[in-house]
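Naming: A, B, ... by sequence-line order, numbering from 1 per chain.
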Protein chains: 2
Amino acid sequence: MIKPRSRRGGGRPTISDVARKAGVGAITVSRALREPERVSEELRRQIHAAIDELGYVPDPNARALASARAEVFGVLVPSLTNNVFAEVVRGIYDSLSASPFRIQLGNTHYSGLEEERLLQLFGSQRPAALIVAGIDQTPTSRKLLESAGCPVVQVMETGPDPVDMMVGFSHLDGGRTATEHLIGAGYRRIGFIGARMDPRSQRRLAGYRAAMEAAGLFDPRLVTTTPVLSSVSLGREMFRDALAKMPTLDGVFCNNDDIALGVLFECHRASIAVPKTIGIVGFNDLDMMQVAFPSITSIRTHRYEIGRRAVAMALAAIAGNRPEQRIVDLGFELKRRESTAR
Amino acid sequence: MIKPRSRRGGGRPTISDVARKAGVGAITVSRALREPERVSEELRRQIHAAIDELGYVPDPNARALASARAEVFGVLVPSLTNNVFAEVVRGIYDSLSASPFRIQLGNTHYSGLEEERLLQLFGSQRPAALIVAGIDQTPTSRKLLESAGCPVVQVMETGPDPVDMMVGFSHLDGGRTATEHLIGAGYRRIGFIGARMDPRSQRRLAGYRAAMEAAGLFDPRLVTTTPVLSSVSLGREMFRDALAKMPTLDGVFCNNDDIALGVLFECHRASIAVPKTIGIVGFNDLDMMQVAFPSITSIRTHRYEIGRRAVAMALAAIAGNRPEQRIVDLGFELKRRESTAR
DNA sequence: ACCAAAGATGGTAGCGCTACCAAATTGGCG
DNA sequence: CGCCAATTTGGTAGCGCTACCATCTTTGGT
């Protein structure tokens, strides 16, 4: 005798329950949900009535197993607390909230190994798309991405060799623009202060260096970096170090806004006039930059928009019309403020 | 003739491939992975060798379908960019990264309706546990949580009536402590400035009010609130409003640190002496509070630890030993700094 | 009126895994 | 030395859904 296993799922209604109640085949219910246009209006109404009555919610696991494709976007970022990535992620969530896609978020902690592990893990779920931060994947990660069998969007940066698609901007140009602005404002002994020197920060530094060298101002002693995670207090400390090393400093381009804020506070504390004695430029243009006193010049980046755009491109690719422009440069904007208005 | 469907999964090895290669039954492979102690060491070695050689990764969807339980933690927070929740989430991720559990993160945007929708969605995945921010779920959400059939941890706050478990602290006590500190420091016309008045902020306000009334200092005109999302620039604006409304203000307790920072910057801009003319207290004690000039007194909360603790409790409950202490109060700490050192 | 093409619906057979039970093996003890 | 319990392994039958194909209409052209 065949005894059906007592409903493991705790009695939640299944697609067959709906089918029975609506007087149709299970497959028709499935179709009514996924390709409504292929089912007559009449049946569609009956089916939806049955769904409402039973409170049926499709099981995403069964769906993924049967269709060999999960309605999941895998998203990999190096940090959850860094405001910049938080905004990218927010853009992704907002763009996906009305879609059937779920999000699988991974935190790589800026580690290539961790990225490989998570990519491996995410791959086992057969995601509908992958969004990863950065363009400096390890060879293993890159291979994993290439063989993922789904659209891949690399975000935050642009570069010459996308795995599939890219949305971001040039950090090198950003660093150069920031530095050229300081030079143009009359600053000469301009330092670079950078925490958490990930590849993006490295490229900002390269931009700084290019601008300084072009102006004949570069001096390696002007550069202060650390691999430590960025924070406002770290910005303060690093600025003190930089000043100790190079007392004639008259400007700083900071890796990011947290560092810039730390520098500003230290200037207040040490009674160093901003922008008169020292000019400060940040990166990302967080809300607080325009409120600070004096307000801080920064490179505005379009984080939220990057998230939205990445999803839009992935969605288009899933729908079959891969955007012809595979690399999207959203640029940046120099926000001139009091901290460099000499 | 039965023609096996061409491997939908794109040829990834399955558990049977591993079993064949290791010369054992599929079920033994399954066991070797989930309950290794029930499999002889001999076979375990062979199986793992086969797994490594084939590069086998279990399909979580198939696993979830067969076992009616997904290795997923559902996590619901009201905001992804608010640093406070970002830290809770980070604590959760860090605690879970070495476990087989994945995380399904949902953003409710402070909306009860959105919370219900996400809970419904998450429920359909049969998560191993649910972690939700706050204790003010709608009746529908509450019912959804109670019938989730898995451990549930409400985080960020404590309260009398947990769905299952709770980790947090008393926002009312926090608000009271902050306000009493200002009163103790000699401030009298102490304002409350609060953005994004979610239930937690409401309770901080209640604590403020209790302290002010106890000292005979309460005046409704001292309270300035808005439902708008909190930001540093908003803090600045609200402080200006508060000052316009009540020019004799000599202190402010801010809803959170962003607001407090906005207040500080406006004081700089308007040449209002801190702490002499105005005392400032924030809430959460973000890193920048101790770096600010003057440094800002704040209520330090243990966000990261809340995330870790919530996971620990859920994990214990899953393992069958539900912690006897179902409500964990992690408290807070008043950090006295220059902004109230009159 | 007839037939091909297009549209709507259903049946069957898995997707990859694990719950449940059965069978085989081992060991301890009277 | 046999018997029962404990331990180790395997077989079978689904979990809830969808891909694939078959079947049954309907439509329109000649």
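- In this structure, the side chain of Arg69(B) engages the main chain of Pro127(B) through a donor-acceptor pair within 3.5 Å.
- Rounded to an integer number of Å, the gap from Arg126(B) CZ to dT18(C) P is 16 Å.
- Rounded to a whole Å, the CG atom of Asn61(A) is 13 Å from the P atom of dT18(C).
- Across the protein-nucleic acid pair, Arg69(A) atom CZ and dT18(D) atom C1' stand 15 Å apart, rounded to whole Å.
- Listed nucleotides dC15(D), dC20(C), dC17(D) differ in distance to Leu65(B); the shortest reach to its side chain belongs to dC15(D).
- When all heavy atoms are compared, the tightest approach of Gln154(A) to Pro162(A) is OE1-CA, 3.4 Å.
- Across dG10(C), dT18(C), dT18(D), the shortest atom-to-atom separation from the side chain of Val24(A) is found for dG10(C).
- The 5' end of DNA chain C is approached more closely, in terms of each residue's nearest nucleotide, by Leu43(A) than by the other of Leu43(A) and Val57(B).
- Atoms CD (Glu42(A)) and C1' (dT26(D)) sit 16 Å apart, rounded to a whole Å.
- Between the P atom of dT9(C) and the CG atom of Leu33(A) lies a distance of 14 Å, rounded to the nearest Å.
- Distances from the side chain of Ala62(A) to the nucleotides dT9(D), dT18(C), dC17(D) place dC17(D) closest.
- The side chain of Arg31(B) has dG10(D) as its nearest neighbour among dT18(D), dC17(D), dG10(D).
- A salt bridge between Glu305(A) and Arg308(A) is absent, with no side-chain N of the basic residue lying under 4.0 Å from a carboxylate O of the acidic one.
- One finds no side-chain N or O of Arg38(B) lying less than 4.0 angstrom from the OP1 or OP2 phosphate oxygen of dT8(D).
- Picking from dT9(C), dT18(C), dC17(D) the nucleotide with the shortest atom distance to the side chain of Arg63(A) gives dC17(D).
- Of the options Asp164(B), Asp161(B), Asp136(B), a salt bridge (charged side-chain N to carboxylate O under 4.0 Å, His left out) to Arg142(B) is made by Asp161(B) and by none of the others.
- Following rounding to the nearest Å, Arg20(A) (CZ) and dG10(C) (P) show an atom-to-atom distance of 14 Å.
- For Ala66(B), whose side chain is taken as the heavy atoms from C-beta onward, the closest listed nucleotide among dC15(C), dC20(C), dG16(C) is dG16(C).
- Note on Glu71(A) versus Arg102(A): no salt bridge recorded, every NZ/NE/NH1/NH2 to OD/OE distance being 4.0 Å or above.
- The side chain of Tyr56(B) has dC17(C) as its nearest neighbour among dC17(C), dT8(D), dT18(D).
- Using a cut-off of 4.0 Å between Lys/Arg side-chain N and Asp/Glu carboxylate O, Glu146(B) and Lys143(B) are scored as not salt-bridged.
- In this model, the phosphate group of dT9(C) is approached by a side-chain N or O of Ser40(A) to a distance below 4.0 Å at OP1 or OP2.
- Phosphate contact (OP1/OP2 of dT9(C), side-chain N/O of Thr28(A), threshold under 4.0 Å): absent.
- Closest to the side chain of Val39(A), out of dG16(C), dA19(D), dT9(C), is dT9(C).
- Here the side chain of Arg34(B) is nearest to one of dA19(C), dC17(D), dC20(D), namely dA19(C).
- Separating the CG atom of Asp59(B) from the P atom of dG14(C) is a distance of 18 Å, rounded to the nearest angstrom.
- At the phosphate of dC17(D), neither OP1 nor OP2 sits under 4.0 Å from any side-chain N or O atom of Ser67(A).
- Atom P of nucleotide dC15(C) and atom CD of Gln125(A) are separated by 20 Å, given to the nearest angstrom.
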